[in-house]
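Quick notes on the structure that follows.
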Amino acid sequence: MMMRMSKIKAIAGIIKRKLRVYCSESSTTMKRITRIKEIVDKLMEELKHEALDVDIQDEMETLIQELQCRLSEREAALKDQRRFSEGLRDIMEGPSTSHASLRFLPGRIPDDSNIIDNHDFSGGLHSANSDSCEGFVVSPEVAISGGSSSVARVQACLSRELQDSTKIGIPIGRTSAATDHWETLEGTFSLSHMPYRVTLYLEGPPPGVDLLIKSVMVSYIHSTGSLCHDIIRNPEFENGLKHWSGRGCTMVLYNSSWSGRGCKLVLHDSMGDGRVLPKSGNFFVSTENRTRDCNGIEHEITGRVDRKLAYDVVATVRVFGNNITSEDVRAKLWVQRADLHEQYIEIASVQATDKDWVQLQGKFLLNGYASRVIIYLEGPPPGTDILLDNLVVKRAAKVPRASRPIIEKALFGVNIITNSNLSDGTNEWTPFWQCNLSVKTGSPYILPPLAEDLLGSQPLSGRYILVTKRMQRWEGPCQIITDKVKPYVTYQVSAWVRIDTRAPTPQIVNVVIKVDHQWVSGGKVEINDDQWNEIGGSFRIETQPAKIIVLVQGPAAGVDLMVSGLQIFPVDRRARFRHLRKQTDRIRKRDVTLKFTRSNASTLGGTLVKIRQTQNSFPFGSCINRSSIDNEDFVNFFSKNFNWAVFPEELKWSRIELEQKNLDYRFKDVDEMMDLCTRHNIQLRGVCIVQSQSRTRALSRNDLRVSVHENIVALLSSYKGKFNHYAVNNDIMNGSFNQDQDHLERDFLVDMFKIANASDPFATLFLKDYHVEDGFHLDKYTDHIRDLKKQGALIGGIGIQGHMNSPIGPIVCSALDKLARLGIPMWFTELDVSSDNEYVRADDIEVMLREAFAHHAVKGVMLWGFWELLMNRGNAHLVNAEGDLNEAGKRYLALKKEWLTHAQGHLDEEGRFEFRGFHGSYEVEVSSSGKKVDKTFVVDEGEDPITITVDL
């Protein structure tokens with residue numbers, strides 16, 4: 001029998017090879033095809049008389065099905081040479097044998113579309129199309145019900161109908177379906193010659209056994225190899241089993257892919273006595289009986305999103321309820337891994353109203369493999385209903401690469417404010433709102449220090465604008481500057497401001513730029529006395545608006561405001577860079593003498609040496625999270641271009657202690673992230689140990705002390721010696737433990753440092769805060785650090801967050817200089833810059849990195865992320881979501897390359913080679929007598945010359 005079986009397989013193999021030739025020859029005739037079909041039919045007959053093992057039976061049937069498929073393909077090519085591009089046709093085939101089917105016609109589809117609409121039956125059974133392509137992937141999920149057997153075979157087939165009504169059946173794939181779980185049937189097919197009509201159908205279980213179909217995914221394979229498909233089906237909640245039919249049987253829709261998340265969902269065609277109508281389509285859905293903020297609407301998209309690809313989300317929403325006008329609606333993703341680890345991804349949020357539909361828009365990215373993925377809406381307080389008209393999730397289109405903006409030549413250092421010295425009274429100045437403006441004398445005669453750095457020692461007039469009868473906080477002097485501001489030019493703002501001596505303090509004064517209907521900050525200052533205070537800042541616009549107004553405002557209503565010497569002038573960043581390069585050379589390099597020795601006495605004079613720096617020792621780091629390290633591309637860029645890491649979420653108190661006394665399992669996440677950093681020799685910073693949170697605000701003073709103490713000891717003892725730095729407290733100047741809650745006396749912050757030091761004496765302890773580098777919190781922060789030091793706080797480092805907009809180098813440098821007087825090392829701990837244009841973003845990141853690297857007191861820089869959709873701040877990324885390096889990323893790498901030293905030359909007669917190089921690790925190649933020797937050495941931090949001996 002085995003001999004006969006071998007013969008059958010050999011014949012089949014010959015036929016398969018012949019078909020491969022025939023199917024590629026345009027001269028192949030129907031006569032040849034008919035002859036091959038006769039041989040295949042004989043093979044089928046032979047098989048009927050063989051008592052074959054099940055595995056051999058499957059193997060032979062699969063082989064013959066492939067032969068039949070090839071025959072059908074070539075036969076179709078001969079019968080139908082025409083190709084069709086009519087697009088989608090809604091033509092349904094009548095019932096015949098018992099199986100489920102759907103039909104589609106060839107036609108052009110977008111790259112991001114699935115050829116089968118509503119593949120999960122959420123809105124009926126409904127179809128789409130495709131044109132010439134690389135092929136299709138079919139993956140229905142099936143099961144069976146009824147009958148005496150718990151397992152039955154299910155087969156996916158394709159019925160192709162030609163112009164002459166000839167029908168050709170092509171098997172695609174099959175599987176064994178069970179009664180107790182869903183099974184995925186996988187298969188592929190291609191359409192090299194377009195038929196008139198194509199029907200995909202599932203068949204196979206014997207009569208009396210019901211075939212259950214959970215979903216049918218047919219994906220279009222793009223010529224690039226990517227798999228393209230729609231994600232959300234039935235986006236407008238249309239009902240019915242449209243475009244699906246039972247072939248000789250009845251089809252029933254058992255459930256919907258839409259569900260309430262902790263609440264009930266109701267389908268509507270109107271609400272509120274007809275006041276709420278669908279935005280599109282015929283229906284919308286609403287929640288009912290929401291009891292928590294996290295209750296809402298969810299849609300499972302498991303298996304329909306691919307990792308490492310970006311997806312756009314657009315939802316049309318509104319809210320409904322008693323006594324509400326607007327509420328925050330958020331879109332999130334719930335992701336579960338195979339090990340049941342859960343992750344929540346923020347997608348977007350919008351202020352939804354009860355008056356009209358609004359659009360919520362965002363993007364998301366999955367880094368790792370997910371066993372389940374659910375997109376959901378939440379947000380409003382209990383009792384408020386969320387209404388959803390439609391939800392679209394699809395593959396994000398590639399954003400066209402930005403072009404470098406065309407910047408008109410600006411007059412750097414020239415004030416664009418007219419009548420700044422008030423020599424013409426209040427001409428060109430107008431009151432914003434109903435306040436009164438008048439000119440008085442008695443203001444400073446010198447420029448504010450930040451402006452003087454760039455403008456020189458130009459004298460001021462001593463006149464100022466007095467603003468009285470201010471009935472609102474936003475009232476103050478303003479001037480129209482529309483024609484004087486150029487897009488993409490960075491402007492520095494500087495002025496003297498003062499408030500009424502009778503005003504309660506503190507008061508905040510700010511300069512704002514009204515760009516059409518948007519407000520842009522130009523700087524602000526907190527005033528705590530009756531003296532003249534400097535206000536400084538910067539701004540930039542990236543489009544040409546219809547109207548631009550500069551306004552000085554801010555103190556409480558009724559408080560008189562005084563403004564003198566307002567300066568707004570464009571800044572030449574490149575001129576500043578020349579200065580910073582010299583400064584960098586002085587503090588980040590040192591003179592090095594390499595002294596080469598070897599055991600024999602032969603001279604080394606004239607030997608060629610090549611020196612290459614492999615890594616600058618200055619810390620350049622980034623935050624990472626557990627999800628991001630599942631993305632191999634992310635890990636590759638991170639490990640190559642950063643030498644420090646910080647975990648911004650996994651070690652936060654709110655994550656570690658979900659409820660009082662309960663430690664979170666996310667310590668496992670931390671261990672996995674630490675393992676990654678150890679493998680790549682990356683040093684670790686710890687995020688803030690203690691931070692105000694909603695749970696702590698409900699604690700008594702004593703309970704809060706105990707809770708803080710326990711958290712510090714538990715965290716630092718668990719990772720003793722693992723983290724080089726910890727931030728003990730965060731955002732001290734705004735929302736800190738002491739000021740935000742008034743629960744702890746001031747000396748307890750000193751105790752936090754002592755507890756942390758006792759728990760891990762190896763770690764350097766930091767404070768960190770924001771709005772320091774732009775000067776707003778600078779004085780308060782400086783005074784606060786001095787005060788804590790006097791009380792014995794073991795502060796080893798000053799953290800500057802560094803979330804910047806339109807940075808101006810001298811302003812940043814001035815803040816660093818003031819902090820440096822404290823004599824404590826400084827780090828930028830959360831640096832990022834944001835701009836829609838990646839070239840402008842690149843310029844901004846260069847400003848910040850050059851200022852930091854050129855300042856002697858700055859000992860490290862941590863970026864607050866670098867990968868799109870894995871950062872808190874939008875348009876701040878260096879790498880796009882799917883791994884493309886943008887211009888900001890290229891600039892970062894260019895700076896890193898600039899800060900590496902390479903040199904070559906010949907040794908002198910004493911075997912020495914001198915060069916000036918950056919601190920860090922080096923390789924040296926020595927070529928002598930036709931031999932090459934490679935050695936390594938390290939240039940330690942310092943400014944004095946150093947001699948390093950290299951033994952050959």
Do Arg873 and Glu830 meet the salt-bridge criterion of a basic N to acidic O distance under 4.0 Å? no
Test salt bridge (Lys or Arg N to Asp or Glu O under 4.0 Å) applied to Lys890 - qualifying residues, sequence neighbours left out: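 Glu887.
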Tell me which donor-acceptor pairs under 3.5 Å the side chains of residues 177-187 have, and how far apart each pair is, sequence neighbours excluded?
residue	atom	partner	partner atom	Å
His181	NE2	Glu183	OE1	3.0

So, for Gln351 and Ser326, which heavy atoms are closest and what is the spacing to 0.1 Å?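 For Gln351 and Ser326, the tightest heavy-atom pair comes out as NE2-OG, 3.3 Å.
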For Asp293 and Pro381 the tightest heavy-atom approach is OD1-CA, 3.3 Å
Return the [atom1] to [atom2] distance between [X] and [Y], rounded to the nearest 0.5 Å.
| X | Y | atom1 | atom2 | answer |
| --- | --- | --- | --- | --- |
| Arg891 | Tyr839 | CZ | OH | 9.5 Å |
| Asp269 | Leu277 | CG | CG | 8.5 Å |
| Lys363 | Ile345 | NZ | CD1 | 14.0 Å |
| Cys677 | Phe638 | SG | CZ | 4.5 Å |

Less than 3.5 Å apart, which donor and acceptor atoms pair up between the side chains of residues 260-268 and the rest of the protein, not counting sequence neighbours?
residue	atom	partner	partner atom	Å
Arg261	NH1	Glu298	OE1	2.7
His268	NE2	Ser286	OG	2.7

Aromatic ring pairing Tyr376/Tyr344, orientation class (parallel under 30°, perpendicular over 60°, tilted between):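 Ring orientation of Tyr376 relative to Tyr344: perpendicular.
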I would like to know whether Phe866 and Tyr892 meet ring-ring contact (aromatic ring centres under 6.0 Å, His included); could you show each step before the answer? CA-CA 10 Å; Phe866 59 89; Tyr892 171 74; 8.5 Å; no
Which of Ile297, Thr353, Leu388 passes side-chain contact (heavy atoms from CB on, under 4.5 Å) with Val317? Answer is Leu388
Using side chain to side chain donor-acceptor pair (under 3.5 Å), reason through Glu327 and Thr384 one step at a time and then give a plain yes or no. CA-CA 9 Å; Glu327 294 291 347; Thr384 300; 5.0 Å; no
